Amino acid sequence: MHWIDAVAQQLVKRGGKQVIASGISISGHIHIGHSNDVFIADAVRRAVEELGHEAESIWYADDYDPMRRVPWPLNEGELAEKYKQYLGFPYVNIPSPDPGYRSFVDYFSRPFIEALPLFGIKVKIYSGAEAYRSGRMAEAIRAALENAATIRSILNEYRDRPLPENWLPVDAVCENCGRISTTRAISWRGDYVTYRCEGTDYVAGCGHEGEADYTRGGAKLTWRVEWPARWKLLGVTCEPFGKDHAVRGGSYDTGKLIAKKVFNYEAPYPIPYEWVSMKGKRLSSSRGVVFTLKQWLEIAEPEILRYFIFRSKPMKAKEFDPGLTLLDLIEEYDLVESAYYGGGEEGKREEQQRRIYELSQVGQVSKTPIRRIPYRFAAVLAQVTTDEKKSIEILISRKMLVNPSELEIKLALRRLELARNWVREYAPENLRFKVLEQLPSGISLTPKQKQGLRQLAEDLAQREFTPVELHNHVYSVAERAGLRSDELFRAIYLVLLGRESGPRVGNFISALDRDFVIARFREASL
RNA sequence: GGGCCCGUAGCGCAGUCUGGUUAGCGUACCGGCCUUUUAAGCCGGCAGUCGAGGGUUCGAAUCCCUCCGGGCCCGCCA
């Protein structure tokens with residue numbers, strides 16, 4: 001059984017409506033590593049619904065957290081100085097670097113939120129800042145303040161150095177300098193928290209002393225308390241989270257205790273997951289090691305990312321590589337897809353693969369089989385022509401499309417577009433080529449190579465060739481001209497690409513305009 | 001100091017939860033086919049003491065214990 005279904009089963013056993021939460025601190029661009037969070041939450045929602053029970057998945061923007069570090073790309077150039085002054089501010093109060101966005105939070109989160117439906121994710125969106133400002137957190141804050149001693153003793157169980165006697169689980173926003181990370185709560189009374197702006201290790205405080213109304217966003221709960229408070233507030237029954245929270249004595253452990261003792265709430269079913277890394281480095285929004293959902297959609301279908309996440313267990317580290325390795329991932333997906341529709345053997349393994357395929361779908365699983373064109377070939381074809389009709393003709397002649405349905409043609413054209421983008425952005429240099437507008441000047445061909453090209457030009461002018469015929473024809477022409485085949489191949493690549501090798505000649509030339517090729521070969525043979 | 005993950009064919013991995021036919025897949029490699037193939041396709045082949053040791057069991061890659069190697073996380077920010 002797939003782990004998503006195992007979780008769903010556990011939840012159903014507990015009974016009631018299931019609320020699966022996910023959430024991210026807006027500490028920079030939201031990348032595909034963060035996607036684990038939402039994708040898992042929403043998949044569990046789907047699985048619970050498939051079992052016939054009510055479920056909802058939510059995504060929570062932790063936009064009231066302080067900015068501890070200026071994230072990439074705002075930490076470069078002139079912007080760096082400007083944004084440094086916002087260190088310690090709640091994210092929600094920081095301006096956008098781009099006038100097209102309302103705020104820092106909007107700038108980093110909107111592209112992510114807008115991409116979610118394209119990946120088949122249906123989550124309810126919440127904002128931490130909104131929750132505090134609207135007063136919805138007020139009751140929880142009061143409970144936490146009243147039970148500060150209990151909370152302190154829970155946290156102290158896992159601390160070497162105990163928290164001070166007068167410690168309170170809230171951070172106020174300084175009304176003078178606007179920072180939240182710099183304040184220390186001194187006391188509380190009714191709806192107000194008295195604080196002093198003392199500073200923190202990465203930014204100084206302003207020394208201001210004041211009172212904050214926590215029923216209107218004047219203060220937030222510290223993370224370890226905020227998390228369980230949120231569980232209670234939203235009725236969270238299950239939550240995926242990064243493995244950092246899952247460590248013994250970490251925020252899940254303490255959260256569980258606080259939930260029980262302070263909020264009288266059963267902690268959600270936990271799903272810890274591993275990070276995603278890219279080229280050996282863990283994805284990190286603040287450090288600029290990012291690959292966003294938007295970037296993903298430029299080079300691969302959304303199903304592939306879902307597949308990437310659901311094909312392995314959540315605690316298994318994932319390595320993402322947008323380069324050549326991506327093509328392996330895509331091929332693997334295609335294979336699972338064709339096996340799904342191909343019937344074949346029935347076993348534990350096949351069953352698992354089928355389920356992973358279903359979980360990878362953006363919407364309903366297609367009832368009619370889906371056949372896709374090979375991405376690797378698309379990467380070549382996309383560089384040869386942008387003409388859609390011509391592309392489809394070539395694909396049909398190459399038998400990569402057989403009596404294609406409307407859908408298959410649509411998928412093929414989309415994949416060509418994706419492959420074109422991939423080649424431009426991520427392909428290794430040796431996979432890229434460009435057909436030269438002009439015959440390159442610096443090349444020298446032997447008389448026999450010229451003779452071969454001239455012959456090819458004549459033959460092309462005489463009759464139609466399928467790609468395979470054409471490819472084979474090159475060999476016979478070479479033979480008649482007394483050339484080794486590789487010498488003729490080299491000549492062809494030189495006059496068209498200016499390099500000694502290239503894509504397979506049959507495909508390649510078939511994809512080009514015939515008159516163009518004839519003219520080029522003739523010109524080169526003079 | 002604590003915790004997690006990984007170790008299965010040259011390489012990348014699935015299978016481990018729920019033990020059960022000759023341990024799979026991809027790739028690489030070798031061979032063949034499509035009139036000869038420089039990045040397409042098809043068919044076939046080679047290849048593994050399942051990290052080591054012990055235990056449980058009729059039966060262990062799978063469960064338990066110990067150890068070795070690699071990686072990551074937490075240590076009072078979230």
Side-chain angles (χ1 to χ4, degrees), chain A residues 1-3 5-7 23-25 27 62 64-69 88 128 155-163 171 181 200-202 220-227 241-254 272-275 277 280 282 311-319 321 324-325 327-329 331-332 334-336 339 345 347-353 356 373-374 376-381 394-395 398-400 430-431 433 467-469 471-479 484-490 492-493 499-508 510:
Chain A
M1 184 190 290
H2 195 275
W3 51 274
D5 295 313
V7 172
I24 303 166
S25 198
S27 58
D62 281 310
Y64 218 38
D65 290 355
M67 178 171 77
R68 297 192 172 76
R69 175 150 47 159
L155 296 181
N156 280 345
E157 276 179 48
Y158 299 95
R159 296 172 68 96
D160 294 336
R161 219 178 334 121
L163 289 161
D171 296 311
S181 65
T200 183
D201 50 354
Y202 57 88
K220 84 184 271 292
L221 288 169
T222 149
W223 165 249
R224 282 187 185 242
V225 184
E226 174 179 270
W227 204 17
F241 47 84
K243 67 169 178 179
D244 48 345
H245 295 307
V247 190
R248 177 157 306 177
S251 47
Y252 181 76
D253 272 6
T254 55
Y273 60 84
E274 253 285 359
W275 316 118
S277 58
R282 174 187 148 193
R311 71 171 169 167
S312 58
K313 277 173 264 188
M315 273 307 276
K316 188 138 176 165
K318 295 172 194 60
E319 167 73 22
D321 173 9
L324 222 41
T325 318
L327 306 198
D328 293 336
L329 178 70
E331 267 179 16
E332 194 181 308
D334 288 356
L335 209 69
V336 170
E345 292 172 51
K348 239 167 104 176
R349 230 165 259 156
E350 288 72 20
E351 196 185 305
Q352 184 81 336
Q353 290 297 302
I356 291 171
I373 61 169
R376 276 172 214 275
F377 180 74
V380 173
L381 182 55
I394 291 165
L395 287 164
R398 295 288 289 107
K399 303 238 171 10
M400 285 171 180
N430 67 325
L431 283 184
F433 61 86
V468 174
E469 282 173 341
H471 198 93
N472 292 331
H473 192 67
V474 174
Y475 285 87
S476 40
V477 169
E479 200 179 322
R484 287 203 322 273
S485 53
D486 64 307
E487 293 179 276
L488 185 50
F489 276 112
R490 194 173 307 129
I492 292 167
Y493 292 128
R499 359 191 292 202
E500 302 207 335
S501 63
R504 288 171 62 83
V505 157
N507 301 328
F508 180 41
S510 307

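Lettering of chains follows the sequences in order, A, B, ..., and the numbering in each one begins at 1. Remember, predicted model here, so these are calculated numbers, not experimental data.
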Q | Atom of A:Glu226, atom of A:Lys220 and distance for their closest heavy-atom approach | A | OE1-CE, 3.2 Å
Q. Between B:C74, B:U38, B:C25, which nucleotide has the shortest distance from any of its atoms to the side chain of A:Tyr493?
A. B:U38
Q. Is a donor on one side and an acceptor on the other found under 3.5 Å between the side chain of A:Asp62 and the backbone of A:Gly128?
A. no
Q | Nucleotide B:G41, atom P - distance to CD of A:Glu331 in whole Å | A | 8 Å
Q: Among the candidates B:G26, B:U38, B:C73, find the nucleotide nearest to the side-chain atoms of A:Arg490.
A: B:U38
(Q) Please give the distance between the P atoms of B:C42 and B:G53 as a whole number of Å. (A) 41 Å
Q) When we call it a touch if two heavy atoms are under 4.0 Å apart, what does A:Arg499 touch: a base, just sugar-phosphate, or nothing? A) base
Q | Separation of A:Met315 CE from A:Trp275 CH2 (nearest 0.5 Å) | A | 9.5 Å
Q: Between A:Asp328 and A:Ser25, just flag the one whose closest nucleotide in RNA chain B comes earlier from the 5' side.
A: A:Asp328
Q) For A:Gln352 and B:U18, what is the distance between atoms CD and P respectively, to the nearest whole Å? A) 14 Å
Q) Can you name the residues that form a ring-ring contact (aromatic ring centres under 6.0 Å, His included) with A:Tyr64, not counting sequence neighbours? A) A:Tyr132
Q: Using ring-ring contact (aromatic ring centres under 6.0 Å, His included) as the criterion, list what pairs up with A:Tyr252, not counting sequence neighbours.
A: A:Trp231, A:Phe241
**Q.** Integer angstrom distance from the P of B:G44 to that of B:G51
**A.** 30 Å
Q: Just jot down the side chain to side chain contact (heavy atoms under 4.5 Å, CB included) partners of A:Arg248, sequence neighbours excluded, or say none.
A: A:Asp253
Q) Can you name the ring-ring contact (aromatic ring centres under 6.0 Å, His included) partners of A:His245, sequence neighbours left out? A) A:Trp223, A:Trp227
Q. How do A:Val247 and A:Ala317 order along RNA chain B: which one's closest nucleotide is nearer the 5' end?
A. A:Val247
Q. Between which residue ranges does RNA chain B form stems of three or more consecutive Watson-Crick or G-U wobble pairs, both distances under 3.5 Å?
A. B:1-7 with B:68-74, B:10-13 with B:24-27, B:29-33 with B:41-45, B:51-55 with B:63-67
Q. Between B:G10 and B:C29, how far is it from one C1' atom to the other, in whole Å?
A. 9 Å
Q) For the pair made of CG in A:Leu329 and P in B:U27, what is the distance, rounded to whole Å? A) 14 Å
Q: Before giving the answer on side-chain contact (heavy atoms from CB on, under 4.5 Å), spell out for A:Tyr202 and A:Arg69 the whole-Å C-alpha distance, their side-chain angles and the decisive distance to 0.1 Å.
A: CA-CA 8 Å; A:Tyr202 57 88; A:Arg69 175 150 47 159; over 6 Å; no
Nucleotide N/O of nucleotides 12-14 of chain B paired with protein N/O under 3.5 Å:
unit_1	atom_1	unit_2	atom_2	d
B:A14	OP1	A:Lys316	NZ	2.6
B:A14	OP2	A:Lys316	NZ	2.2

Q) Considering only the C1' atoms, how many Å lie between B:A9 and B:C30, rounded to the nearest integer? A) 15 Å
**Q.** Separation between the C1' atoms of B:A14 and B:G26, rounded to whole Å
**A.** 10 Å
Q: For nucleotides B:C74 and B:U66, find the distance between their P atoms and express it as a whole number of Å.
A: 26 Å
Q: Could you pull out all residues at least two apart from A:Thr325 that satisfy side-chain hydrogen bond (donor to acceptor under 3.5 Å, both in side chains)?
A: A:Asp321
**Q.** By salt bridge (charged side-chain N to carboxylate O under 4.0 Å, His left out) - contacts of A:Asp334 (at least two apart)
**A.** A:Arg415
Q.
Using the salt bridge (charged side-chain N to carboxylate O under 4.0 Å, His left out) criterion, which residues pair with A:Arg376? Sequence neighbours excluded.
A. A:Asp328, A:Glu331
Q) What is the distance from CG of A:Leu327 to P of B:A40, rounded to the nearest Å? A) 12 Å
Q. When the C1' atoms of B:C46 and B:A28 are considered, how many whole Å apart are they?
A. 12 Å
Q) Which part of the nucleic acid does A:Trp227 contact within heavy-atom distance under 4.0 Å: base, sugar-phosphate only, or nothing? A) nothing
Q. For the side chain of A:Lys243 and the base of B:C74, is some donor closer than 3.5 Å to an acceptor across the two?
A. no
Q. Separation of A:Glu487 atom CD from B:U38 atom C1', in whole Å?
A. 14 Å
Q. CH2 of A:Trp3 versus C1' of B:G15: gap in Å, rounded?
A. 17 Å
(Q) Heavy atoms only, 4.0 Å cut-off, all strands: where does A:Asp244 land among base, sugar-phosphate and nothing? (A) base
Is there any protein nitrogen or oxygen under 3.5 Å from a nitrogen or oxygen in nucleotides 75-77 of chain B, and what are the pairs?
unit_1	atom_1	unit_2	atom_2	d
B:C76	O2'	A:Arg159	NH1	2.1
B:C76	O2'	A:Arg159	NH2	3.2
B:C76	O2	A:Arg159	NE	2.5
B:C76	O2	A:Arg159	NH1	3.1
B:C76	O2	A:Arg159	NH2	3.3
B:C76	N3	A:Asp160	N	2.8
B:C76	N3	A:Arg161	N	3.2
B:C76	N4	A:Asp160	N	2.9
B:C76	N4	A:Asp160	OD2	3.1
B:C76	N4	A:Arg161	N	2.9
B:C77	O2'	A:Arg68	NE	3.1
B:C77	O2'	A:Arg68	NH2	2.4
B:C77	O2	A:Arg68	NE	3.4

**Q.** Set of residues satisfying salt bridge (charged side-chain N to carboxylate O under 4.0 Å, His left out) with respect to A:Arg311, sequence neighbours excluded
**A.** A:Glu332
Q) Residues in salt bridge (charged side-chain N to carboxylate O under 4.0 Å, His left out) with A:Lys318, at least two apart? A) none
Q.
Closest approach to the side chain of A:Met315, judged atom by atom: which nucleotide of B:C5, B:U18, B:C73 is it?
A. B:C5
Q: Looking at every strand, decide which applies to A:Arg376 at a 4.0 Å heavy-atom threshold: base, sugar-phosphate, or nothing.
A: nothing
Q. Given A:Glu274, which of A:Lys316, A:Lys313, A:Lys243 fulfils the salt bridge (charged side-chain N to carboxylate O under 4.0 Å, His left out) condition?
A. A:Lys243
(Q) Between B:C11 and B:A47, how far apart are the two C1' atoms, rounded to whole Å? (A) 13 Å
Q) Within this structure, what is the CE-to-P distance between A:Met1 and B:U62, rounded to whole angstrom? A) 22 Å
Q: Return the value, rounded to whole Å, for the distance between atom CD1 of A:Ile492 and atom C1' of B:U38.
A: 11 Å
